[in-house]
Amino acid sequence: MSVVRMSNAGLLSLLCALALLAQEANHKSDPVFQVSTLRGVDFTLRNSPTSRKYLIETMPGGVALLDYNNDGLLDIFLVNAGHMRDPMTNPFSFDRHEPAYWNRLYRQNKDGSFTDVTEQAGLANAGDTNYGMGVAVGDYDNDGYPDIYVTNFGKNILYHNNGNGTFTDVTAKAGVAAGGWSVSAGFFDYDNDGQLDLFVTRYLDWTIEKSKTCGNEKPTYCPPGQFPAVANILYHSRGDGTFEDVSVPSGIAAKKGHGLGVAFADYDGDGYTDIFVANDVTEQFLFHNNGNGTFTETGLDSGAALTNDGKMLSGMGVAFQDYDNDGLPDLLVTELPHQPYVVYHNEGHGAFTAQELETGFGALSGKSSGWGIGLEDFDNDGWKDAFVVQGHVFDNVETYDSSLSYRELPLLALNHNGHFEKADVGSNVPVAGRGAAFGDLNNDGWMDVVATALGERPQIYLNRGGKSHWLVVTLRGTKSNRDGYGARVQINDQVRFATASGSYLSSNDKRLHFGLGSAERASVEIRWPSGIHQVLRAVKADQFIVLEESQQP
Amino acid sequence: MILSLLWACLLMQTPSPEPPVPSEALAQLQAGMDAEKQRDLDGAIADFRKATELAPSSSIAFLRLGNAYMNRRNYAEAIPPLKRAVELSPPSAPAHQLLGFALLARGYASEAIPHLDFVHEYGALGIAQLQNGEPVEAISNLQTALAKNPGDPDLLYYLSRAGTALSSQSLDKLLSVFPNTARGHQALAQNYYAMKMFAEAEKEYAQALALRPDLPGLRLELGQVHASESEWDKAEEQFRTETKLQPGNAEAAYRLGDALLQQGKMKEAADELKRSDSLHPDMPETLYALGRATGVSDPIVAEGALARAIELEKDSPLAGQAYLLLAGIHRKQGKTELAEKERQQFRRIQALSDLRSPAKP
């Protein structure tokens, strides 16, 4: 038997090499996020599932990340659903007056804990006849304080931020109650008049009385095709705190669908913000803004209506940002299992091509049902990654198809030069995920996620951070709307379209986050909705900056 | 259809030798036949019954009575006189034929078989054998009958059922006699797959593969289970192994190409799909997948493949999909008019498809 002897130096080198390898392996397998609980956040999304399978039960709920008191710390607003009786009896009440069913506003404290300020803020009772869905955030009156719009099955509510920690329900005065079944909503300025307008998606023509159960021996929720399609709503701001429903004259109401998600961006670079509506089992709608107060639905013509195979999507959530750093906003749409999540790549000249296979994104989603989605640079490498909250519509889906699950983990797909690869999301507890909002909760320069799940506490994904550089930009419009929604911001080779909308039912941190990779400085270029163009050179990385719209073009 | 044709022919045939029939009985028979001509079936039955009473040894009287009942579709009443006709004249083909039909109509398949066999009435015999649990014999006789009447929908229907019955019978035998063979596990796996019990199907395929790892087709099927679960990496692995076992199998090459395509491995997918197309040209699904795989990297190949798929498929949904894909390629190339025409074709076919399969309530 021969024995190989190694010198001490040789052994040391080997051990060092092994240690380095182990370190590298550990680094590679480190999840991006740490799943956390936030001290003081005790919300539970109570959707109250019943044996009657009322369709609304499986659709909530939204979450917003906003700084309602302008203290520089992100606060969290969570939309609750309501109490469903089994069966519901007339007169219908969702018992929203009971604290268990309140929407909740949590103010972030300086130590990172949160305080429930719902009641003192005047947001407690969302109305017994309203079953909660989603939330949109925007400073519609340009007073510097973000306002909150809550969508419901029932009547929607606009809460004006009084600037002193309280809100006032101004729905009646503003004229934005809508009615029926509203889902996602978003503020944007479609006519570039400096006043935020409001878009509301609506799902279908459904009431408790019209409810039915599908599935025969295994009762479950009926597909949307069982109920008539409805039109979405566009409210134009008059600039005096009131809105006008312009759905018909704008052309929005001409198209009926099963609207769920909504996102905004100027996809053809004509200076006017366009609208994408994720429709469930209907063609997706891409409303091109004609610049004269009207819209033309161009989904099919532009290639963003169907799958590559010409099939309908069960579109649910949507992100409308540039994933491949070509400067053009692309579309990522989540949907049901056995249909890959879709990537509509913006080819320029108003054309999109489905690229979910080429980008690898489709292959990551085969068995999953996706809802909230964000395109954010979670690893600050200069490429926007995708985060999708998942969970099937049916709470008994396993009895239909054993390969599917009602509760799922979220999907984190890291973007490597335009190709998506699945990464460890840091959680091993599946939930029935629905809404998701994206923002930098702890102001460390790394994007975090707050997601909602049916019957659960909110899921908090705190970014573990790293060494790459970053820059966060807050826009302050002067001629344009104060939030700067609709601005095109380019930092080095990356572009973001300023919006808090997208995802599903939810509203993101309005600050624009950019990962810079190894770059320590950045050039910043902004095209405001007003047409004003601003450029800043050699901006130092790793800071939060506020950019005010200049007065001169 | 078979019954009515044969019944029409039946009475034109002469029964086997008869004992002498009294003239009164003959008169009753004639009266009955006249009544039949006037479509007075009740009258005919009464006359024929009287004839059987007057000539109880006459097979033709009983045959006429049985036939009259058959014409009235009263098979239960037809059986006793027809049985008597056969007893009186065992070689009588018409009596056997009618009795065979009557028994079959009443569900007495096993009793009907010897009578139908006697007269070589292959179609009805096959049906009786199928109902009697003899699918092998049924298939043989139904095929013989179909050779004479190729467009007979009844025969085609029963042949299809006989095939299913044979398949089921063979499967039952396989599972009961040889449960721990590769084929036994494969058969079980197929059942689970059909019921969407994918995990169970995978287990059975794994057991089959453990016993016969080189059995052709096993990995192709297992790959399809993975594909149904959208587990494309696992599907690729199985399809790839199948293509090594069966390099000449175009379907295996297509499935591998599709699994690669679903994972965004466009170049590899295109290579495999081209290989599949060379093994079995003009498979529309292969051409369409090739169009998808090359749409970005090699639009000329994509256009050729999609155009050929459209040529083959005409107005099918696949042709519609190919038009839409072409529209995307041409829109990207700035050929907007052409793209618009292709979108219109897609819309046209989509409308046709909607007509073909109206929305479920």
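The sequence lines fix the lettering, A, B, ..., with proteins before strands; numbering per chain opens at 1.
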Chemist: Tell me, for A:Leu364 versus chain B, whether the close heavy atoms (under 4.5 Å) come from the side chain, the backbone, both or neither.
Modeler: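 A:Leu364 has no heavy atom closer than 4.5 Å to chain B.
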Chemist: Among B:Lys196, B:Met266, B:Arg347, which residue forms the greatest number of heavy-atom pairs with chain A at distances under 4.5 Å?
Modeler: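 Of the candidates given, the most pairs with chain A belong to B:Arg347.
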Chemist: Which atoms of A:Thr307 come close to chain B, meaning under 4.5 Å heavy atom to heavy atom: side chain ones, backbone ones, both, or neither?
Modeler: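 Interface part for A:Thr307: backbone (N, CA, C, O).
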Chemist: Is it the side chain or the backbone of B:Phe346 that comes within 4.5 Å of chain A heavy atoms, both, or neither?
Modeler: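 Interface part for B:Phe346: side chain.
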Chemist: For B:Tyr288, which atoms come within 4.5 Å of any heavy atom of chain A: side chain, backbone, both, or neither?
Modeler: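 For B:Tyr288, side-chain heavy atoms alone lie under 4.5 Å from chain A.
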Chemist: When rounded to the nearest 0.5 angstrom, what is the spacing between CD in A:Glu358 and CZ in B:Arg292?
Modeler: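 Answer for the CD-CZ pair, A:Glu358 versus B:Arg292, is 7.5 Å.
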Chemist: Need one label for A:Phe352: side chain, backbone, both or neither, based on atoms under 4.5 Å from any heavy atom in chain B.
Modeler: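 For A:Phe352, the backbone is the part near chain B, not the side chain.
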Chemist: Apply side-chain contact (heavy atoms from CB on, under 4.5 Å) to B:Arg331 and A:Asp301, showing your working.
Modeler: CA-CA 9 Å; B:Arg331 186 179 50 225; A:Asp301 291 347; over 6 Å; no
Chemist: Just how far is it from atom CG of B:Leu324 to atom CG of A:Asp309, taken to the nearest 0.5 Å?
Modeler: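 The distance works out to 9.0 Å.
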Chemist: Sort A:Ser365 into side chain, backbone, both or neither according to what part of it lies under 4.5 angstrom from a heavy atom of chain B.
Modeler: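 A:Ser365 has no heavy atom closer than 4.5 Å to chain B.
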Chemist: If you look at every heavy atom in B:Arg343 and A:Leu300, which pair is closest and at what distance?
Modeler: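 Between these two residues, the closest heavy atoms are CD-O, 3.4 Å.
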Chemist: Is chain B contacted by the side chain of A:His349, its backbone, both, or neither, given a heavy-atom distance below 4.5 Å?
Modeler: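 Neither part.
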Chemist: Return the CD to OG distance between A:Gln339 and B:Ser230, rounded to the nearest 0.5 Å.
Modeler: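 Atom-to-atom, A:Gln339:CD and B:Ser230:OG are 9.5 Å apart.
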Chemist: State the CG-CD distance between A:Leu404 and B:Glu229, to the nearest 0.5 angstrom.
Modeler: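 Rounded to the nearest 0.5 Å, the CG-CD separation comes to 9.0 Å.
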